[in-house]
There are 2 protein chains.
Amino acid sequence: MPRNAARTSRRDDSLSRDRIVDVAIALLDRDGEDGLTFRALSEELATGAGAIYWHVASKSELLTAACDAVVARTLDALAASGEPTTAIRTLALALFDMIDRHPWIGSALTQAPGQQPTVRILERLGQPLLALGVPIKRQWPTVFALMSYVLGVAGQNAANAQLARRTQGGAGRAAFIDALATAWSQLDPAAWPFTRGIAAQFRTHDDRADFLAGVDLILAGIASTPVPARGRVAR
Amino acid sequence: MPRNAARTSRRDDSLSRDRIVDVAIALLDRDGEDGLTFRALSEELATGAGAIYWHVASKSELLTAACDAVVARTLDALAASGEPTTAIRTLALALFDMIDRHPWIGSALTQAPGQQPTVRILERLGQPLLALGVPIKRQWPTVFALMSYVLGVAGQNAANAQLARRTQGGAGRAAFIDALATAWSQLDPAAWPFTRGIAAQFRTHDDRADFLAGVDLILAGIASTPVPARGRVAR
DNA sequence: ACCTGAACACCGTTCAAGT
DNA sequence: ACCTGAACACCGTTCAAGT
């Protein structure tokens, strides 16, 4: 789906920033973060490295641009639902799934704080907070907590999946979780009471459900925080 | 403070895994993530790259070892405080400050999920949850949410600080925040109502305080969640 | 204005050869 | 058992030279 491409020229194979970004996304999706290389890019685009540098300032700029393109598409595809709490949950899940599908986005977002992609997410997470009546003084800390949690968990989840794919022969995530759970279940309960205790629960946990449970935890915290909120948090 | 060093040999300059890790930490602290190089390491240790590879399997293993050493020291230095909520807040702040002092730890932790350093943190965050009476079925999702938030925010904060240090001539974090706040304040309120609205608050925000506010949000959520909790989260 | 592709200054990792 | 250091297969980025 060439959304922005082919504006001035009809030919699809002319070199343009949009086309470079699209190919970059394809490479990142196929070969992971290490797959984005100016040499691979040159080959795929049938040109030299210098040609790419004419359209793009650096690799990190290209990575941010690729990230922003995917984030923008994901948010655009998301209908604005009515109830604020539902809107936040839906948005959180959409971001989780987006990062699960494009694992490189997790670290790309971390490397570009305050840039376009982050601001897009901030805005969409923030609007429902206005509807919830979060007072002005608490708006920034609240979105920040929410966004940090969402991007932190989703990024960690994606990193896990990638590591599982690399370390195991192909047994993948299930085997990775199982190996960890087994290791934890064999820890000394005197030294590691908590980790030893959750090993069994961990073995059968559901990433997406736990992610959403954390979102609900934060939403519950927002709901239980008194509106004036000048001093410490109550309860 | 050579804690583990000089066990078998009295000489401090003999090549050992511990000494390699210590020098790696020093390089990471001084020159950032890119500063850890087998060439820089060789020079500092007055040896060849091959010698280091005899003690250490790969760069990523070395990074994880360096990360674990700092995490272990930080947690060891932390007295176990009584009240569970206080313990979690104290621990969270200690981790925040640790990552602020060693910014490379943020991404190192992400790259080694389920490894030693992560388990150490899991255990210490989890023990107070037992004291709070969080039921077994909710223990994993709850620590996971807490840990993801803490490491996510702290890592993001460190990445911000590093980026501010790189992009600005030396004006640093304050100028970086100011530039962002100014950019946000000039956004179109029709398209970016939320981001536009928080620009002023953002300009004068306090990273550490906001971080702690998020921890309190999650703690409030834990406190307000009913103990049985079989279905959806109430409220 | 836009593209080419060789060249530069780096990387992590390996490995024959030493002691 | 442990160390040396050259060599290998890569990187991102630059830049004279082309069209």
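Reminder, nothing fancy here: chain letters follow the sequence lines and each chain counts from 1. Computed over heavy atoms, backbone and side chain alike; hydrogens, waters and symmetry mates excluded.
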A.B. asks: Would you indicate whether the side-chain heavy atoms of A:Glu44 and A:Leu41 approach each other to under 4.5 Å?
C.D. replies: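 Side chain of A:Leu41 against side chain of A:Glu44, heavy atoms only: no contact under 4.5 Å found.
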A.B. asks: In a table with atom names and distances, give each donor-acceptor pair under 3.5 Å that connects a side chain of residues 147-158 of chain B to protein atoms at least two apart or in another chain.
C.D. replies:
from: B:Ser148; atom 1: OG; to: B:Phe144; atom 2: O; distance (Å): 2.7
from: B:Tyr149; atom 1: OH; to: B:Phe211; atom 2: O; distance (Å): 2.9
from: B:Gln156; atom 1: NE2; to: A:Thr110; atom 2: O; distance (Å): 3.4
from: B:Gln156; atom 1: NE2; to: B:Asn160; atom 2: OD1; distance (Å): 3.4
from: B:Asn157; atom 1: ND2; to: B:Asp100; atom 2: OD1; distance (Å): 3.3

A.B. asks: Just the rounded figure in Å: distance from C1' of C:dC2 to CZ of A:Arg19.
C.D. replies: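 A:Arg19 atom CZ is separated from C:dC2 atom C1' by 15 Å.
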A.B. asks: When you measure from the side chain of B:Lys59, which nucleotide among C:dT13, D:dT13, D:dC3 comes out closest?
C.D. replies: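 Of C:dT13, D:dT13, D:dC3, C:dT13 is nearest to the side chain of B:Lys59.
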A.B. asks: How is the base pairing of DNA chain D summarised as a dot-bracket string, given the Watson-Crick and G-U wobble criteria with both distances under 3.5 Å, [ ] for crossing and | for another strand?
C.D. replies: ||.|||||...|||||.||
A.B. asks: For C:dA17 versus D:dC2, give the span between their P atoms, rounded off to a whole number of Å.
C.D. replies: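 To the nearest whole Å, 22 Å.
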A.B. asks: With a 4.5 Å limit on heavy-atom distance, are the side chains of A:Pro113 and A:Thr118 in contact?
C.D. replies: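 The answer is no; the side chains never approach within 4.5 Å.
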A.B. asks: What is the distance from CD of B:Glu61 to P of C:dT13, rounded to the nearest Å?
C.D. replies: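 After rounding, the gap between these two atoms is 11 Å.
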A.B. asks: Is a side-chain N or O of A:Arg120 found less than 3.5 angstrom from the main chain of A:Val71, in a donor-acceptor match?
C.D. replies: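 It does not hold such a pair.
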A.B. asks: Does anything in residues 102-114 of chain B come within less than 4.0 Å of DNA chain C? Heavy atoms only, and list the residues if so.
C.D. replies: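 Here the set is empty: none.
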A.B. asks: Have B:Thr195 and A:Glu123 got a donor and an acceptor in their side chains that come within less than 3.5 Å?
C.D. replies: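 Indeed, the side chains of B:Thr195 and A:Glu123 share at least one donor-acceptor pair under 3.5 Å.
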A.B. asks: In whole angstrom, what separates B:Leu41's CG from D:dC3's P?
C.D. replies: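 From B:Leu41 CG to D:dC3 P: 13 Å.
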A.B. asks: Strictly below 4.0 Å, heavy-atom distances to any atom of DNA chain C: list the hits from residues 23-38 of chain A, or just say none.
C.D. replies: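 None - not one residue of the stretch has a heavy atom sitting under 4.0 Å from the strand.
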A.B. asks: Under the salt bridge (charged side-chain N to carboxylate O under 4.0 Å, His left out) test, which residues partner A:Arg208, sequence neighbours left out?
C.D. replies: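 Applying salt bridge (charged side-chain N to carboxylate O under 4.0 Å, His left out) to A:Arg208 gives A:Asp97.
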A.B. asks: For the C1' atoms, the ones on C:dC8 and on D:dC11, what distance do you get once it is rounded to whole angstrom?
C.D. replies: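 Looking at atom C1' only, C:dC8 and D:dC11 are 12 Å apart.
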A.B. asks: Where the side chain of B:Ala49 is concerned, which of C:dT14, D:dG12, D:dA7 is the nearest nucleotide?
C.D. replies: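 Output: C:dT14.
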A.B. asks: Return the 5'-most residue of the pair B:Ser60, A:Ala46 with respect to DNA chain C, ranking by each residue's nearest nucleotide.
C.D. replies: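 Whichever sits nearer the 5' end wins; that is A:Ala46.
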A.B. asks: With a 4.0 Å cutoff (strictly under), does any side-chain N or O of B:Arg39 reach OP1 or OP2 of C:dC11?
C.D. replies: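 Result: yes.
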A.B. asks: Provide, to the nearest angstrom, the distance between the CH2 atom belonging to B:Trp54 and the P atom belonging to C:dT14.
C.D. replies: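 So the two atoms are 16 Å apart, to the nearest Å.
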A.B. asks: Could you check if a side-chain atom of B:Leu63 sits within less than 4.5 angstrom of a side-chain atom of B:Trp104, using non-hydrogen atoms only?
C.D. replies: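 In contact.
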A.B. asks: For the residue pair B:Leu93 and B:Arg89, establish whether any side-chain heavy-atom pair is separated by less than 4.5 Å.
C.D. replies: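 Heavy-atom side-chain distance check fails, nothing below 4.5 Å.
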A.B. asks: I want to verify a distance call: between D:dC2, C:dC3, C:dT13, whose nearest atom is closest to the A:Ala51 side chain?
C.D. replies: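 Of the options given, the side chain of A:Ala51 lies nearest C:dC3.
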A.B. asks: For the side chain of B:Leu15, counting heavy atoms from C-beta on, which of C:dC3, D:dC3, C:dC11 is nearest?
C.D. replies: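 For the B:Leu15 side chain, the nearest candidate turns out to be D:dC3.
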A.B. asks: Can you measure from CZ (B:Arg19) to CG (B:Leu45) and round to the nearest 0.5 angstrom?
C.D. replies: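 If we round to the nearest 0.5 Å, B:Arg19:CZ and B:Leu45:CG are 5.0 Å apart.
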A.B. asks: Are B:Trp184 and B:Arg203 side-chain neighbours, meaning at least one heavy-atom pair lies under 4.5 Å?
C.D. replies: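 B:Trp184 does not reach B:Arg203 side chain to side chain.
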A.B. asks: Ignoring hydrogens and angles, write down the donor-acceptor pairs under 3.5 Å from the side chains of residues 30-39 of chain A, residues two or more places apart or on other chains.
C.D. replies:
from: A:Glu33; atom 1: OE1; to: A:Ser107; atom 2: OG; distance (Å): 3.1
from: A:Glu33; atom 1: OE2; to: A:Ser107; atom 2: OG; distance (Å): 2.8

A.B. asks: Ignoring the backbone of B:Tyr53, work out which of D:dC3, D:dT13, C:dT13 is nearest its side chain.
C.D. replies: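 That would be C:dT13.
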A.B. asks: Could you state the CD-P distance from B:Glu43 to C:dG12, rounded to the nearest angstrom?
C.D. replies: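 Distance check: B:Glu43 CD to C:dG12 P gives 14 Å.
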A.B. asks: Any heavy-atom pair between the side chains of B:Gln127 and A:Pro193 that's under 4.5 Å?
C.D. replies: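 Counting from C-beta outward, A:Pro193 and B:Gln127 do come under 4.5 Å.
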A.B. asks: Given atom CD1 of A:Ile20 and atom P of D:dG12, what is their separation to the nearest angstrom?
C.D. replies: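 So the two atoms are 14 Å apart, to the nearest Å.
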